[in-house]
Amino acid sequence: MEKDNLKLWNAVEKTDPNHTKKANVKGNKITSIKPQYQILQATKQWGSYGSTWGFKSISLGYELIGVGLVTFKGTFYYPTGEFETINTISIYKDNAQTKVDDDLAKKVETDSLTKSLSKLGFSADIFLGRYDDVRYVAEVTKEFTVKPALTPVQFMGFEKWTPAQLESVKSKYELTAEQLNKLN
């Protein structure tokens with residue numbers, strides 16, 4: 001029996017554009033993912049954070065404090081495996097290095113979670129640079145757009161619709177099984 005090594009990757013690689021934002025990080029323009037969206041996607045796959053997936057053995061290291069960095073080390077685990085994650089973050093909020101970032105632990109854990117999930121394929125389209133292509137973003141936006149339901153009032157008189165009107169309704173609205181049966 002052939003093993004489907006890309007099953008998880010294929011299930012989580014596309015990112016809903018409604019859960020992204022453009023960011024400027026140290027002069028680099030990037031697409032950033034809302035962390036709660038990633039947690040939602042992982043929860044859909046594996047269950048609640050902390051029960052079947054997440055971090056264990058987290059530690060913050062201060063061996064790079066002389067250059068203004070704190071090191072995050074942890075083990076990311078999920079139902080079929082685990083791996084070590086390491087990351088760093090500046091201890092400062094500003095480039096002048098005058099304001100200590102009191103949220104650095106939360107930020108580095110969140111960034112490490114994003115990096116860990118990306119290794120498994122979560123939001124791979126962003127990390128593969130597909131969000132730099134406006135055609136791809138338009139395509140994925142269309143894919144994630146939820147169509148409104150066609151109400152019974154809107155459906156009245158469907159017998160008189162032209163083929164063009166029928167196609168327009170099918171592309172713009174989510175039809176019930178009953179509505180589809182009547183149209184066919």
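Owing to the predicted nature of the structure, the values given are computational and were not obtained by experimental measurement.
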Show your working on side chain to side chain contact (heavy atoms under 4.5 Å, CB included) between Phe76 and Lys115 and close with a plain yes or no. CA-CA 10 Å; Phe76 182 82; Lys115 295 299 182 196; over 6 Å; no

Determine, stepwise, if the pair Gln38 / Thr114 fulfils side chain to side chain contact (heavy atoms under 4.5 Å, CB included). CA-CA 7 Å; Gln38 289 188 299; Thr114 293; 2.7 Å; yes

Side chain to side chain contact (heavy atoms under 4.5 Å, CB included) between Thr85 and Lys73: does it pass, once the steps are laid out? CA-CA 6 Å; Thr85 297; Lys73 293 178 184 173; over 6 Å; no

Decide side chain to side chain contact (heavy atoms under 4.5 Å, CB included) for Phe72 and Leu104; before the verdict, give the C-alpha distance in whole Å, the side-chain angles of both, and the deciding distance to 0.1 Å. CA-CA 10 Å; Phe72 172 95; Leu104 73 89; over 6 Å; no

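Formation of a donor-acceptor pair under 3.5 Å by the Gln45 side chain with backbone atoms of Ala42 is not found in this model. Within the 3.5 Å criterion, the main-chain N or O of Thr162 finds a donor-acceptor partner in the side chain of Gln165. A side-chain donor-acceptor contact under 3.5 Å links Lys34 to the backbone of Asn18. Judged purely by atom type and a 3.5 angstrom limit, Asp94 uses its side chain to pair as donor or acceptor with the backbone of Lys99. Put simply, the side chain of Asp103 never gets that close to the backbone of Lys106: no donor and acceptor are under 3.5 Å apart. Using modelled atom types, one side-chain atom of Thr151 and one backbone atom of Gln154 make a donor-acceptor pair closer than 3.5 Å. Trp53 contributes no side-chain N or O that, together with a main-chain N or O of Pro79, makes up a donor-acceptor pair within less than 3.5 Å. A donor-acceptor distance shorter than 3.5 angstrom exists from the side chain of Thr52 to the backbone of Trp46, with no hydrogens or angles considered. With hydrogens and angles ignored, the 3.5 Å screen pairs no side-chain donor or acceptor of Tyr78 with any backbone N or O of Leu117. For the pair Asp111 (side chain) and Lys107 (backbone), a donor-acceptor distance under 3.5 Å is absent.
Between Glu174 and Gln179, the shortest heavy-atom contact is O-OE1, 4.3 Å. Considering every non-hydrogen atom in both Val140 and Pro17, the closest pair reads CG1-CG, 3.6 Å. Residues Lys14 and Tyr37 share a closest heavy-atom pair of O-OH, 3.8 Å.
Taking 4.0 Å as the cut-off between side-chain N and carboxylate O, Glu167 and Lys172 do not count as a salt-bridged pair. A salt bridge is defined here as a Lys NZ or Arg NE, NH1 or NH2 lying under 4.0 Å from an Asp or Glu carboxylate O, and Arg135 with Glu139 fails to meet this definition.
Taking CD1 of Ile126 as the start and OG of Ser32 as the end, the distance is 7.5 Å to the nearest 0.5 Å. Note: Leu128 CG to Glu13 CD = 8.0 Å, rounded to the nearest 0.5 Å. Rounding to the nearest 0.5 angstrom, the gap separating the CG atom in Asn10 from the CG atom in Asp4 is 6.5 Å. Interatomic distance, CG of Asp102 versus CD1 of Ile91, reported as 12.0 Å (0.5 Å rounding). Atom-to-atom distance recorded for Leu113:CG and Ile39:CD1 is 5.5 Å, nearest 0.5 angstrom. To the nearest 0.5 Å, atoms CD1 (Ile89) and CG (Asp101) are separated by 6.0 Å.
Residue pairs meeting the side-chain hydrogen bond (donor to acceptor under 3.5 Å, both in side chains) criterion with at least one member in residues 119-128, sequence neighbours excluded, are Thr15-Ser123, Thr15-Asp125, Asp125-Tyr136.
Leu64 and Leu60 fall into different hydrophobic clusters, where Ile, Leu, Val, Met, Phe, Trp and Tyr side chains are chained together by heavy-atom contacts under 4.5 Å. Tyr49 is connected to Phe122 through a chain of hydrophobic side-chain contacts under 4.5 Å among Ile, Leu, Val, Met, Phe, Trp and Tyr, so both are in one cluster. There is a path of hydrophobic side-chain contacts, each under 4.5 Å, that joins Tyr62 to Ile58. Residues Leu8 and Ile33 are members of separate hydrophobic clusters, defined by side-chain heavy-atom contacts under 4.5 angstrom among Ile, Leu, Val, Met, Phe, Trp and Tyr. Under the 4.5 Å side-chain contact rule for hydrophobic residues, Val153 and Leu150 do not share a cluster.
Within 6.0 Å of the CD atom in Gln36, the count of heavy atoms belonging to other residues, nucleotides or ligands does not exceed 12. At most 12 non-hydrogen atoms from other residues, nucleotides or ligands lie less than 6.0 angstrom from CD of Glu178. Other residues, nucleotides and ligands contribute only 12 or fewer heavy atoms inside 6.0 Å of the NZ atom of Lys142.
Ring-centre distance between Trp9 and Phe127: not below the 6.0 Å cut-off. Between Tyr173 and Phe155, the distance separating the two ring centers is not shorter than 6.0 angstrom.
For the 3.5 Å distance criterion, the side chains of Thr75 and Glu82 fail to qualify, holding no donor opposite an acceptor. A donor atom on one side chain and an acceptor atom on the other are not found under 3.5 Å apart for Ser112 and Glu109. A donor and an acceptor atom, one from each side chain of Lys21 and Thr31, are nowhere located under 3.5 Å apart.
Evaluation of the salt bridge (charged side-chain N to carboxylate O under 4.0 Å, His left out) rule for Lys160 yields no partner, not counting sequence neighbours.
Within the 4.5 Å cutoff, the side chain of Thr71 has heavy atoms near those of the Ile86 side chain. Using a 4.5 Å heavy-atom cutoff, the side chains of Val70 and Ile65 are in contact.
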